[in-house]
Amino acid sequence: MKDQVALLLLLSGLGLQAQNSLYIPPVLTGTTIGLTVDEGTHEFYPGMPAPTIGYNGDLLGPTLFLAAGSQVQFTVQNDLADTTTVHWHGLHVAPQNDGGPHSAILPGGTWSPSFTIMDKAGTYWYHPHPHGKTMEQVLKGAAGMIIVGDAEEAMLPLPRTYGVDDIPLVLQFKGIDAQGQLIMNDEVDNEVLVNGSILPDAELPAQVVRLRLLNGSSMRTFRLGTTAGVPMQMIASDAGLLDAPLSLNRLDLSPGERAEVLLDLSGMNGTSFQLMSYGNELPQGVMGGPPGMMLPAAPVDNTTLTLLNVNVIAPTPDAVTIVPSQLTTNVAWDEADASQTINLSLMSLPMMGNNWFINSLKYDMMRIDETVQLGSTVVWNISNNSMMAHPIHIHGGHFYILEKDGAPPPPQEAGRKDVVLVEAMRTAKVIMKYEDFSDPVVPYMYHCHILSHEDDGMMGQFLVEDGTNGMSEQEEGGLVVFPNPVEAGELTIASQAGSIRFVRILDPLGKVVRERNPNAAGPVQLDLEGFSPGPYLVQITGADGGQVARPILIQ
Ligand code: C2O
Ligand code: CU
Ligand code: CU
């Protein structure tokens, strides 16, 4: 009897420990990256398996280590029962490689973009972006981290032993019901997951450690801090290193944002501390903070939450023990060089609850909202005319924040960014230069990174146009067919490989049901009137006789 109790205690103790140690996602690296997105199951609460989505696994995805300057061939296989896309959040890639709503991967299909990593060392991420379904797929678990390395960062004496002193932390508010099932509604968050588990334990060595923080939540902002008694030395924002480490006790991270911080744990061997979120300190209107008029309220709001338990262990032999004083030199673009201003007004329509708009419009895949010129510098003036803060994300590369509410941004937001949290009834001004990529048809997105808002249509799209000849240096093989799935109407087919000699649409039996000989250099539009719903294949023959095919779904 005694023995049994002891055994039970031992087993439950082990169980708890195994359950609670911080999961470190595996690494994929090199110049060929294969991702398979599929359904799975995960026990958020012990003994209660819940359906999930993951890349190459049940939940989340591998961390992609990409070297700046390398050309990477990606293959994404969609084994979901639903359409998806994969967006490389923060990476500077051509529109047809960006994985926005135009680059649908149908169930059973694959997508194989290839591009050169042009970004600076930093922490980026990937997640689905199919219009109207992004929140569901991300809430179910589809998200992974991307770590870009470059020569400049490699010269700095920073911790970079993955999982030992360089720790990826995917932080996500989620709603989980009493049966342990994920709730597909971001208004009711009641848990915080760190790399997929609730309140895990991490063992960190007593030396300088690096935390790579990603807010992969749908709606809420973290105000991070630790109980360690040492400040967080912030070294990077969304898209790369800051000029110099910035000593902080609190760090805000809104949905989509990333930060890297160093913690100097030297001499703390044997102690414990917690990574916390102080939602009770957030300003009103920032989701996760104090309740506001007409704002959804959830159990995690306006509270102090423990995210991660850290046990400090003995230092490693090659420990980093000092925080470098200088990191890089960021040079923001000059507002005087801007040739265009884009104004975005964020609003909700009164009496319509959470019904979100940009410039009074909802997203329409067939409407281009803004056009900018290749090579130009553009100022985005964002004014939030609602009572809720919105994290605004612009695709295509990074930006610099020029102003928040008419004043220079706080130092933690002065570096390379791709998300800016615009608080309720406040403004932000950011500057972005459009180098390298243009496309006459496929736009980049800009949107609120609260995923329910994005899905609801709080998103627009802009084209980068090359005024000189409509063709810029493009990556190989870009072919985009949209919208997909398509309802009866027009289908747009754009090929970056060159002109389109002819287009065929084949039915599931391989029979040609439509054929066109456009011999066109630009995009081709096909009328799908009269097609019965179902899967079809679009086959494109280029001027050189080369063929490519894309599956489409007519609804
Ligand atoms: Cu992280 Cu357009 O998204
Ligand atoms: Cu993005
Ligand atoms: Cu929003």
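Note that the numbering runs from 1 along the sequence shown for the chain. Counting starts at 1 for both ligands and their atoms, in listed order.
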Taking the six-membered ring for Trp and the full ring for Phe, Tyr or His, determine whether the centres of [X] and [Y] are under 6.0 Å apart.
| X | Y | result |
| --- | --- | --- |
| H89 | H129 | no |
| H87 | Y126 | no |
| F462 | H395 | no |

**Asked** Which atoms of the protein, restricted to N, O or S, are nearer than 2.8 Å to atom 1 (Cu) of ligand 1?
**Response**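 Checking every protein N, O and S atom gives H89 ND1, H127 NE2, H449 NE2.
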**Request:** Using a cut-off of 2.8 Å, count how many protein N, O or S atoms are strictly closer to the Cu ion (ligand 3).
**Result:**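 Every protein N, O or S atom under 2.8 Å from the Cu ion (ligand 3) counted, the figure is 3.
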**Prompt:** Between H453 and H390, do the side chains contain an N or O donor and an N or O acceptor separated by less than 3.5 Å?
**Reply:**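 Short answer, yes.
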**Message:** Side chains of N355 and S348 only: does a donor on one sit below 3.5 Å from an acceptor on the other?
**Reply:**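 N355 vs S348: no donor-acceptor pair found between side chains.
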**Request:** Take atom CE of M184 as the centre, draw a 6.0 Å sphere, and report whether it contains more than 12 heavy atoms from other residues, nucleotides or ligands.
**Result:**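 Check passes, neighbour count above 12.
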Name the atoms and distances for all side-chain donor-acceptor pairs under 3.5 Å in residues 426-435, with sequence neighbours left out.
residue : atom : partner : partner atom : Å
R426    : NH1  : D405    : OD2          : 3.1
K429    : NZ   : E335    : OE2          : 2.8
Y434    : OH   : W380    : NE1          : 2.9

**Prompt:** Under 3.5 Å, is there a donor-acceptor pair between the side chain of D238 and the main chain of R258?
**Reply:**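 Here the side-chain-to-backbone pair exists.
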Mind listing the side-chain donor-acceptor pairs of residues 28-36 below 3.5 Å, one per line with the distance, residues two or more places apart or on another chain?
residue : atom : partner : partner atom : Å
T29     : OG1  : F65     : O            : 2.9

